[in-house]
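Working notes, beginning with the structure itself.
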Amino acid sequence: MGLDLLPKVYNPEEIERRWYATWEERKLFHASDRKTGKEYSIVIPPPNVTGSLHMGHALNNTLQDVLIRYHRMAGYNTLWMPGMDHAGIATQNVVERQLKEEGLRREDLGREKFIERVWTWKAHSGGVILNQLKRLGSSCDWDRERFTMDEGLSRAVRTVFVRLYEDGLIYRGDYIVNWCPRCHTALSDLEVEHQEASGHLWHIRYPVEGSDVSLVVATTRPETMLGDTAVAVNPNDERYKHLIGGYAILPLVGRRLKIIGDPVVDPEFGTGALKVTPAHDLTDFELSLRHDLERVTVMDSEGRINENGIHFNGMDRYECRKAIVTELDQKGYLVGTEPYNVGLGRCYRCKEVVEPLISKQWFVKAEPLAREAIAAVEDGRTRIIPEHWTKTYYEWMNNIRDWCISRQIWWGHRIPAWTCQDCNEVVVSLDDPTQCPSCKGSHLVQETDVLDTWFSSALWPFSTMGWPDQTELLKTFYPTSCLVTAFDILFFWVARMMMMGLKFMGDVPFRDVYIHALVRDEYGKKMSKSLGNIIDPLMIMDQYGTDAFRFTLAAMAAQGRDIRLSEQRIEGYRNFMNKIWNAARFALPHVESVQERLDPAAIRDYPLPERWILSRLNTVATEVADAIRTYRFNDAAQSIYQFTWHEFCDWYIEYAKAPLGGDEAEAARRTRIVLRHVLDSLMRLLHPFTPFITEEIASKIPLSGSTLMLGPWPESDPRLADPEAEAQMTLLMGLITSVRNIRAEMNLPPSTPLPAMVFPTSSADRDLIEYNRTMTLSLGRISTLDVAGSAHNPQPPRMSATAVVGDMKVFVPLEGIVDPDAEIARLEKELAKIEQELVGVQKKLSNEDFLAKAKPEAVEKQKTRRHELAGKTDGLKESLGRMQRLKQG
RNA sequence: GGGCGGGUAGCUCAGCGGGAGAGCACCGGCCUUACAAGCCGGGGGUCACAGGUUCAAAUCCUGUUCCGCCUACCA
């Protein structure tokens, strides 16, 4: 002993680097693809190849790693499948920005060269996030890393596309879609972010043909009037219903507009008359279908007015808006302008305001797929946790609209469809066709669009495992055990994986979906670049260590609530790491010579504190495992924290110093064995949360093996459970605390030893104190402990401070030290508190309804409480009375 | 408009039918050699508001209010 096995200062950085390298070298993350019957698998939500680690990733991957590490330790064949997403628009934008710096556009390179350029970019700058995930300690099976654009996954994508097309679940057509004029592509409904902005509501007069009256319409986007082809009113609107069937004249343009009646028009809104622009508004597009209206497109793909826009041709949409309003005003068509908050849709990638435009796009018919996905959650094949998200899931699935999957960009899976230039036949095929199956011509031109990135993500749980081949991996690990994600991609990703998994694998992609919180800043704001409130996980890891960071995230990951991350909190858990480190520094020299494991069968006659700590450890181990399995990460973390710091360190180690340093060899040996066992188990319980520090410490513990990663997990052992020891220890700790409390209240320095006298009420309690006299003396800093026998009705010391522990009175003689007034005040305060509680309990117990209707154990509990409180009250009153008498005479 | 989550100690949050909890902050005392990133002790809350159900409500129900988020074709 005496030699430090661990350096005095805990240096996370060095330890983390060293252990991660060791794990990778030893291939400890690798899952076997042979089925054992006890499998556990998770597929990572693939981060974008352009991404770098943010708090969301940190939380998401920490939780996954906790689940993975726990199950691996508990003996499961465990797979954590890693990989990345090609992130179509995001990646293309990055590379285009690079080109721009060189004064180039992607068109200057051409499609092939551009894509080459993206691959080059990926090779050099892509995937930095993977190293960041390693920094976080993620124990992914890196040998199996996949990329959504790699060959295998591309084959899966094609296979799926072809099958869906053949099944009539993919179609192509001219529809109105969300168009991003900046990214030059269509977007799905989900890819549009809605936002409110202040704008105006313009009232414009449309003269009715053949009369001197006008219809006044209200619009927030006057520029679209250039494409108006009708005016709609509610068919029940008394003001206008007689006009239905007639025509209005479009100001400035002069086009005749049919006046139609349709229930979508809200008579209450604006003027009750709606200008209809089928080519630039979704509602209007749908009106055009119902009423067979002409669709006049007036904007091009850049958001500029086209040749249909009379003399506004060539203007930007916003420029045109101003010009139109001015001209309408000049010509007397503008009836009014009012401020109005308008809903704006923005591209989720570049934040540009999207424009509804009609174009030829590919769609997935979602409803039949959604039906299956709903059923799978309804019948419990997949559970969503926390449960309340199922409602949101159903809500969306039930109102699902067809999914626009084509994107007019270059980086992505090119749609496997060809058009015959000779006969216009469309060929969708797994292999590139060379001949038109219809006219046998050879002039086939492939579709230029690529697929929505989320199309390939939707296949991730099986495409990464080798599908369409029936691989061993797939047979072993599909369906996966759990998917861990934040709710923001519940629709984008989770819902679509459900649909595709059920369609192509015939089974759900995962048994559980665990939806975790969003990480916000300490004021509850979403972290974002524009707000400048981002906390960089890498800086946190540098500053506090990865383990402290991970533990913080886990400790704060309560279900159904967002995390407000504050550095203070992280600092607190950094201190916890330090505490663990120092506990190990104390323990290791004592246990280094231990050569035998704890024999649970042999502990019955071990000293009380040894039995107590083993029993508590056993309980905590069960609690932690339960909590992890039910995704209560915060409970697991709290449970270990509390046990480690306030039971193991504060009590057990303090107790253990005596036997370890004493001259009783047998006692020391026992304590060393128990200490080794508890320290080893603790490292195991902590390992899923704080993998690095635990490995480092465990590597110095004899008999603990070369790694914690492969377990075993400390399973519950009934031979260690000892409720009696726990109750007894609680009493002794109370006794010790009461003496410490008196010392502190009397303003005596902690180093002052005090004499104490206790009056146990049973011989069992008396024996308990006698057997544990040494510990009681040293932990309570008690000089002499006088245990009064109950037989000879002992007298308490004349001048003393009193405490009542359970039903046992404790006296600390303080002749000449204690200030009677102070002691009286202290006792009165304590008494008031206890009496108040006692009143509550007595009230309950005198309530007949309570006695008759409450559960018997509840009544019993109150009775026990009454007994304890009454005992305490008596003791305190007695002492108070004595003090008062002493004071007076 | 519809839906969801939340308002508990100064701060951040657990608890979600039977004794109001934790961490941080705060106050007092300690360099008791594993740890001052620590040790010992302590103070602090009509659990948003109003009703109801129950023997019993922070916890369940209803309403009000204030925050946050998701969703939607009021132009």
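As the structure is a computational prediction, the values presented were derived from the model and not from experiment. Order of the sequence lines sets the chain letters (A, B, ...), proteins ahead of strands, with each chain counted from 1.
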Please confirm whether the shortest side-chain N or O distance from [X] to OP1 or OP2 of [N] is below 4.0 Å.
X        : N     : answer
A:Asn399 : B:U71 : no
A:Arg866 : B:G19 : no
A:Gln862 : B:G19 : yes
A:Trp389 : B:C69 : no
A:Asn847 : B:A56 : no
A:Lys843 : B:C55 : no
A:His646 : B:G23 : yes
A:Tyr573 : B:A37 : no
A:Arg740 : B:G41 : yes
A:Lys579 : B:C35 : no

On a whole-Å scale, what distance lies between the [atom1] atoms belonging to [N] and [M]?
N     : M     : atom1 : result
B:A14 : B:A58 : C1'   : 12 Å
B:C55 : B:G17 : C1'   : 12 Å
B:A57 : B:U62 : C1'   : 15 Å
B:G5  : B:U59 : P     : 16 Å
B:C67 : B:C35 : C1'   : 42 Å
B:C13 : B:G7  : P     : 10 Å
B:C26 : B:C69 : P     : 32 Å
B:C66 : B:C49 : C1'   : 11 Å

Using a strict cut-off of less than 4.0 Å between a Lys/Arg side-chain nitrogen and an Asp/Glu carboxylate oxygen, indicate whether A:Glu837 and A:Arg865 qualify as a salt bridge.
yes

A:Lys391 bridged to A:Glu387 by N-O distance under 4.0 Å:
no

Base-pairing string, 5' to 3', of RNA chain B - Watson-Crick or wobble, under 3.5 Å, | interstrand:
((((((((.[[[[.)..(..]]]].(((((.......))))).....[[[[[..)....]]]]])))))))....

Counting any heavy atom closer than 4.0 Å, what does [X] reach on the DNA or RNA strands: base, sugar-phosphate only, or nothing?
X        : result
A:Thr220 : sugar-phosphate
A:Val342 : nothing
A:Trp202 : nothing
A:Glu654 : base
A:Lys391 : sugar-phosphate
A:Asn578 : base

Taking [atom1] from [X] and [atom2] from [N], how many angstroms apart are they, rounded to a whole number?
X        : N     : atom1 : atom2 : answer
A:Trp651 : B:C40 : CH2   : P     : 8 Å
A:Asp650 : B:C39 : CG    : C1'   : 8 Å
A:Asp281 : B:A72 : CG    : P     : 15 Å
A:Arg743 : B:G42 : CZ    : P     : 13 Å
A:Glu571 : B:A36 : CD    : C1'   : 14 Å
A:Leu344 : B:U71 : CG    : C1'   : 17 Å

For the side chain of A:Ser783 and the backbone of A:Leu754, is there at least one donor-acceptor N/O pair under 3.5 Å apart?
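Yes: the side chain of A:Ser783 pairs with the backbone of A:Leu754.
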
For the backbone of A:Ala230 and the side chain of A:Asp228, can you confirm whether one donor and one acceptor N or O come within less than 3.5 Å of each other?
no

Donor + acceptor pair across side chains of A:Glu191, A:Tyr348 (<3.5 Å)
yes

Hey, are the side chains of A:Tyr240 and A:Thr271 touching, using non-hydrogen atoms and a 4.5 Å cut-off?
yes

Which comes earlier along RNA chain B counting from the 5' end, the contact point of A:Cys649 or that of A:Asn575, where each point is its nearest nucleotide?
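Nearest-nucleotide comparison on RNA chain B picks A:Cys649.
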
May I ask you to check whether A:Tyr544 and A:Phe549 place their ring centers less than 6.0 Å from one another?
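Not under 6.0 Å, so no.
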
With A:Asp402, which residues qualify under salt bridge (Lys or Arg N to Asp or Glu O under 4.0 Å), at least two apart?
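Testing A:Asp402 for salt bridge (Lys or Arg N to Asp or Glu O under 4.0 Å), a comparison that skips the adjacent residues, returns none.
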
Mind checking ring-ring contact (aromatic ring centres under 6.0 Å, His included) for A:Tyr652 and listing every partner two or more places apart, or none if nothing turns up?
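If we apply the ring-ring contact (aromatic ring centres under 6.0 Å, His included) test to A:Tyr652, skipping adjacent residues, the hits are A:Tyr655.
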
